[in-house]
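Bear in mind the structure is a predicted one, so any value in this text is a computation, not a measurement. Chain letters run A, B, ... following the sequence lines, proteins first, then strands; residues in each count from 1.
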There are 2 protein chains.
Amino acid sequence: MPESDSPRGRRTSRPSGDDRELAILATAERLLAERPLGAISVDDLARGAGISRPTFYFYFASKDAVLLTLLDRVVAEADAATLDASLLPGAGPREGWRLAITTYFETFRAHRALTLAWAEARSTNAEIRDLWARVFDQWAQRCADAIDAERARGAAPPGPSARDLAVLLTSMNERAMYATFSGDGPAVAESAVVDVLLEVWLRTIYGTAPTD
Amino acid sequence: MPESDSPRGRRTSRPSGDDRELAILATAERLLAERPLGAISVDDLARGAGISRPTFYFYFASKDAVLLTLLDRVVAEADAATLDASLLPGAGPREGWRLAITTYFETFRAHRALTLAWAEARSTNAEIRDLWARVFDQWAQRCADAIDAERARGAAPPGPSARDLAVLLTSMNERAMYATFSGDGPAVAESAVVDVLLEVWLRTIYGTAPTD
DNA sequence: CCCGTTTCTCAACACCGTGTTGACTCGTTC
DNA sequence: GAACGAGTCAACACGGTGTTGAGAAACGGG
């Protein structure tokens, strides 16, 4: 098993496998910033990393496997950020929810190309779809619990199940994020989107509807 | 130019071009009910319609062109239904919005396989993406106008631009619809989804948020 | 009834992308 | 220095898209 942090000064005639793997990942990220996943072939990734196509398959089982590796990183980052954000000072519900939404948004905005590729690959790859579902579910459940807590302390009125509300509101965030990043079709301006999302969340959680 | 409604009783040795075209469309719809668009090849469509692959290309430029033809129908149907729905009796805001959301939802539910294919093809085909954007925009604008009208008559409080709210709420509906139809990942139960959506819409439009 | 025109059909082809095979190279290790 | 494992790639098999060019089938007009 080769050392993970191979000494960079050593002059080997052949770069180590780790370097190659990293080169593939870096190439993928670079190309994704230029064009959508569907317009990137395995050959592009291999050439970008300075290897041939069959050699690519020595390192990754497919193009999607590369994406999945990159996504795992982002998901780990998102998890860490979300945990940080949950250590919120008790500055009132508005700021609490704003922090939550901002954290979510900013984490993915820092990797927008990857996020868009994620959405693209979701329709064709079950593993990638499952990862998305897992992240979605975790976030939605966290929010559902927070809504229930607010209801328990009398700060939020009763209504539909907190879980259902959280799932719908999270769907909204996700789709709004995608529309904002991709620029395809109607979207809320990037500078305003968190504010408007927050307003919808707050009104949904704390507001009431007319009974006619 | 051949007659559109060709006499069905005539016994020609070769079916008319119109028949072929319809056979391709019918095959597409049938196969989409079984498997996703990506798992259907041009050859599948051709064989299903009883012709060879090159002959398929005499009728349609691509697989996506077939989808687009089918979608045009659904969009026309959705437009008609939406117009009908806007002739609402003045039964109060709750029932008005419920009718709007239900109409939207039911129209696409009647063609769920097509709707899912639409979402799938959106990421790879610009024309299909544009069609989606157009439908989305039309619906969102109609809702934005309705929100402005409610605000003008003092029934709804001020807040973020009606257009932004409408875009976000429509995003939510769309994503919720997709999740419900596809069954992938967390979703609100199909029997409840319109009710919960409606509640989010009403609270967002008529409710207010805490100021902390 | 024949003949030109249009409509329609498809075998064969060119192309591109994926993933596999099997032989080969090159350090490492004993 | 032999044996081993890691790494490499030309060549292949396959499956998908879209095109070409040669022709068959109906149609319509003289």
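One interatomic measurement links the two molecules: CD of B:E21 to P of C:dT7, which rounds to 14 Å at whole-angstrom precision. The nearest whole Å value for the distance from the CD1 atom in A:I51 to the P atom in D:dA6 is 17 Å. Across the protein-nucleic acid pair, A:L45 atom CG and C:dG17 atom P stand 12 Å apart, rounded to whole Å. Taking atom CG on A:L37 and atom P on C:dT18, their separation rounds to 10 Å, with Å as the unit. Protein atom OH of A:Y59 is 18 Å distant from nucleotide atom C1' of C:dG19, rounded to whole Å. What separates CZ of B:F56 from P of D:dG16 is a distance of 14 Å, to the nearest Å. In this structure, B:I24 atom CD1 and C:dC8 atom P are separated by 11 Å, rounded to whole Å. The separation between A:R47 atom CZ and C:dC16 atom P is 13 Å, rounded to whole Å.
With salt bridges taken as basic N to acidic carboxylate O contacts below 4.0 Å, one links A:D43 and A:R47. The pair B:E77-B:R73 does not count as a salt bridge, with every side-chain nitrogen at least 4.0 angstrom from each carboxylate oxygen. With respect to the salt-bridge test (charged N to carboxylate O, under 4.0 angstrom), the residues B:D145 and B:R163 do not qualify. Taking the charged nitrogens against the carboxylate oxygens, A:R112 and A:E190 do have a contact shorter than 4.0 Å, which makes a salt bridge.
Comparing C:dT7, C:dC10, D:dG7 by their nearest atom to the side chain of B:F58 picks out C:dT7.
Sorted by first and then second residue, the ring-ring contact (aromatic ring centres under 6.0 Å, His included) pairs with a member in residues 169-190 of chain B read B:F105-B:F181; sequence neighbours excluded.
A:R175 places no side-chain N or O within donor-acceptor distance of the main-chain N or O of B:R175, the cut-off being under 3.5 Å.
Between B:T55 and C:dC10 there is a side-chain N or O to OP1 or OP2 distance below 4.0 Å.
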Strictly under 3.5 Å: I want the nitrogen or oxygen pairs between protein and nucleotides 18-21 of chain D, one per line.
{"residue": "D:dG18", "atom": "OP2", "partner": "B:Y57", "partner atom": "OH", "Å": "3.1"}
{"residue": "D:dG18", "atom": "N7", "partner": "B:R53", "partner atom": "NH1", "Å": "2.5"}
{"residue": "D:dG18", "atom": "O6", "partner": "B:R53", "partner atom": "NH2", "Å": "2.5"}

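Contacts of A:S52 with the nucleic acid, taken as non-hydrogen atoms under 4.0 Å apart, include base atoms.
For the residue pair B:Y206 and B:W97, a side-chain donor N or O sits within less than 3.5 Å of a side-chain acceptor on the partner.
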